[in-house]
Amino acid sequence: CVLRVLTLTGAGTAEVTVVWCAVPGRTYRVQFKDRVDAPWNDLPGDVTASGETASKTDSTAGASLARFYRAMLVE
């Protein structure tokens with residue numbers, strides 16, 4: 001499994017769910033930014049994967065037309 005975002009659902013709505021390839025038992029952090037040249041911001045609450053994929057819902061997205069996401073392994 002390569003760590004990468006697999007899908008985004010709800011883009012352009014009040015809530016966006018990010019799904020990525022994961023390793024069970026590992027902990028991940030999702031970050032976002034609204035512009036390519038902006039710094040990354042953490043979504044609150046890390047996620048510990050229970051399967052081969054993991055997900056996090058961003059309820060701060062609003063109706064943002066351009067929001068970038070990444071999932072990171074927490075060491």
Side-chain angles (χ1 to χ4, degrees):
C1 171
V2 174
L3 178 56
R4 65 185 174 106
V5 171
L6 298 172
T7 60
L8 291 173
T9 57
T13 67
E15 289 190 345
V16 174
T17 300
V18 182
V19 179
W20 64 94
C21 187
V23 175
R26 301 298 296 262
T27 302
Y28 299 87
R29 179 171 298 141
V30 176
Q31 296 183 318
F32 71 92
K33 60 183 177 177
D34 292 323
R35 294 185 337 264
V36 172
D37 60 347
W40 289 101
N41 299 291
D42 294 341
L43 283 177
D46 292 342
V47 175
T48 300
S50 60
E52 294 182 359
T53 62
S55 65
K56 178 78 175 173
T57 298
D58 177 8
S59 58
T60 69
S64 178
L65 296 177
R67 184 166 266 197
F68 304 90
Y69 292 94
R70 70 180 180 184
M72 300 173 34
L73 179 63
V74 176
E75 295 291 334

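No experiment lies behind these values; they were computed from the predicted model shown.
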[atom2] on [Y] to [atom1] on [X], rounded to 0.5 Å:
X: Asp42; Y: Met72; atom1: CG; atom2: CE; answer: 7.5 Å
X: Phe32; Y: Phe68; atom1: CZ; atom2: CZ; answer: 13.0 Å
X: Thr17; Y: Asp58; atom1: OG1; atom2: CG; answer: 9.0 Å

Leu43 pairs by side-chain contact (heavy atoms from CB on, under 4.5 Å) with which of Lys56, Arg29, Gln31?
Lys56

Looking at Thr53, Val47, Val2, Thr7, which one forms a side-chain contact (heavy atoms from CB on, under 4.5 Å) with Trp20?
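Exactly one candidate clears the test, Val47.
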
Specify the closest pair of heavy atoms between Glu15 and Ser59, including all atoms of both residues, with the distance to one decimal.
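It is OE2-CB, 3.7 Å.
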
Determine whether Leu3 and Val5 fall in the same hydrophobic cluster, where Ile, Leu, Val, Met, Phe, Trp and Tyr are linked whenever their side-chain heavy atoms lie under 4.5 Å apart.
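Leu3 clusters together with Val5.
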
Path from Val30 to Leu8 over hydrophobic side-chain contacts below 4.5 Å:
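Yes, Val30 and Leu8 fall within the same hydrophobic cluster.
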
Quick check against the 3.5 Å criterion: does Tyr28 have a side-chain atom that pairs as donor or acceptor with the backbone of Val23?
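At least one qualifying donor-acceptor pair exists.
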
